[in-house]
Protein chains: 2
Amino acid sequence: MASVERHQQITDAVRHAGQLSVAELAELTSTSEMTIRRDLEILAEQGLLERYRGGARSLLLRGEEPPFALRAHDGLEVKQRIAAAVGAMIADGEAVVIDSGTTCLEVARALTHRRLTVMPLSLHAANALVGAPQLRLLLPGGEPRPGELALTGPLAEASLAALRFDTAVIGCCGLNAANGLTAYDLADAAIKRAVMASANRVIAVAEAAKFSRTALAFVAPTSALHAVVTGDDAPNDEADALEAAGVVVRRV
Amino acid sequence: MASVERHQQITDAVRHAGQLSVAELAELTSTSEMTIRRDLEILAEQGLLERYRGGARSLLLRGEEPPFALRAHDGLEVKQRIAAAVGAMIADGEAVVIDSGTTCLEVARALTHRRLTVMPLSLHAANALVGAPQLRLLLPGGEPRPGELALTGPLAEASLAALRFDTAVIGCCGLNAANGLTAYDLADAAIKRAVMASANRVIAVAEAAKFSRTALAFVAPTSALHAVVTGDDAPNDEADALEAAGVVVRRV
DNA sequence: TATTTTGAACACGAACCATGTTTGTTATGT
DNA sequence: ACATAACAAACATGGTTCGTGTTCAAAATA
């Protein structure tokens, strides 16, 4: 599949330049203009960019969260390492709630063949877990946000309020000592808080980039976490601050 | 895809004979034994049959409900006609809850491009509706039953109890004047009752075969229904009995 | 131990997908 | 209104994948 990386290339180039012409993109990727047009059609359908006559402009604003399909393939190896480490921290028989997001989706995949009770908070993870023989799968209600398929809203919160989990695995958009754990989406932040309230142990997953980012919605201070699993390239000062706050830090 | 109809052929033959050898199946389908083995591996994974050395035996017991994947392609045209008719009975802007099952899945598909609020009771339907632009999608909580992916249990009932719908579309395993609406699964029957309690109007969908069948779990008498949509080959006496009970009957 | 069944490995062919080219249509600018 | 550029549909082509058959070594059964 050379096409997916060309799509990535186009998306990146358009995002960086703001807008680019079909001819420029054809030259950049050394393909025909027709191929570029077909690509742009697909990418526009995914909401990544907007076509205009002669080219396309990016719809990914600075600071805005890129769509799920894009993030899913980004840094997959790190996410899988993190997911494996989280899996090792969970004992058979536990009841686990897994947040939405691409890293948490990998965690769900890593737990597929375990003997556990699992409640995923996104349909992506739910679909990944369907059919797992030893797994007891539990779904919260809610409204799936387009693309992300994260279940939010009163129904989701009610589902969480009715349950108590051994472990919660939550993702985040930003995580640092100064601003705590933050999320892009307000409804998502509310869910994360509900999750943390109904779990005995909270494990946060966060690639290194998350430490230097802060999103709109505040969820909780870092002291509310019991453990953070991150990549081996996480900044030392943030890791130290977490440990000083009593959080177990695992770098993989 | 000639393979799917060969799978169907194998499943039917094995179910009819109880068990068959690899050689017999190879001759029946005029393929190689290796292909049969690969097919059996797939079918065994789906729980349709059980392999033993030299052949396979059916796991589909008489009277038991065949698995979802099998029913989904059976009588698809009728189901789609029924689904279209149901769609015509629903007005834009309504809040609709859609039951699990293959016929209801078609109803969900028929509503994809409508402007509605929809709560599907199975993950199959949920996945079919994800990404529909004009649709407000709402999911109940619950435990997805393997294969069927119908959401059941206390979480699902709680989600339903919190909502009021304009219309409920429910499927069934059996439907006739003598035994009312019946379902194979107890948990499913409980959900159907909850659905009916939280909807102003109840439309049941039922292919003709459902009228001559009665399943284990009683859900409700036919008088609890407002309308029944069925195929044009539905038995007259049952249709008359329904109309006598004040139920609108639509045959398509 | 002899025989049969099985599944992994390789090979072949068909179907499918992505790409490029051509051509007619549509939109834009002067 | 005309000329030009961009677009999209239609067709052809090359590459890839998927399904199937064959062969052979390993495993299970008698």
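In what follows, every chain begins at residue 1, and chains take the letters A, B, ... in the order their sequences are listed.
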Tell me if a side-chain donor or acceptor on Thr182(A) pairs with a main-chain N or O of Ala215(A) at a distance below 3.5 Å.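 Judged by distance alone, yes, a pair lies under 3.5 Å.
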
Indicate whether OP1 or OP2 belonging to dT21(C) is found under 4.0 Å from a side-chain N or O atom of Arg38(A). no

Under 4.0 Å from OP1 or OP2 of dG21(D): is there any side-chain N or O of Arg37(B) that close?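 No, because none of the side-chain N or O atoms of Arg37(B) sits under 4.0 Å from OP1 or OP2 of dG21(D).
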
In this structure, how many angstroms lie between the [atom2] atom of [N] and the [atom1] atom of [X], rounded?
X        : N       : atom1 : atom2 : result
Ile10(A) : dA18(C) : CD1   : P     : 14 Å
Ile42(B) : dT6(C)  : CD1   : C1'   : 16 Å
Leu25(B) : dG21(D) : CG    : P     : 14 Å
Ile36(B) : dG21(D) : CD1   : C1'   : 13 Å
Arg51(B) : dT6(C)  : CZ    : P     : 6 Å
Asp39(B) : dG7(C)  : CG    : C1'   : 15 Å
His7(B)  : dC18(D) : NE2   : C1'   : 13 Å
Tyr52(A) : dA27(C) : OH    : C1'   : 16 Å

Mind checking whether Cys104(A) and Ile170(A) have side chains closer than 4.5 Å, heavy atoms only?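 They are not in contact (no side-chain heavy atoms under 4.5 Å apart), so the answer is no.
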
Counting side-chain heavy atoms from C-beta on, which of [options] comes nearest to [X]?
X        : options                   : result
Met34(B) : dA8(D), dT19(C), dG7(C)   : dG7(C)
Ser3(A)  : dT29(D), dG21(D), dT19(C) : dT19(C)
Thr35(A) : dG20(C), dG7(C), dT20(D)  : dG20(C)

One thing to verify: whether Asp12(A) and Arg15(A) come together as a salt bridge, which I'm taking to mean a side-chain N less than 4.0 angstrom from a carboxylate O.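 Asp12(A) and Arg15(A): salt-bridged.
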
Is a donor-acceptor contact shorter than 3.5 angstrom present between the side chain of Arg53(B) and the base of dT4(C)?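 Donor-acceptor pair under 3.5 Å: yes.
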
Atom CD of Glu41(A): over 12 foreign heavy atoms under 6.0 Å: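 Not more than 12 within 6.0 Å, no.
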
Hey, mind stepping through Glu24(B) and Ser21(B) against side chain to side chain donor-acceptor pair (under 3.5 Å) and telling me if it holds? CA-CA 5 Å; Glu24(B) 285 170 316; Ser21(B) 72; 3.1 Å; yes

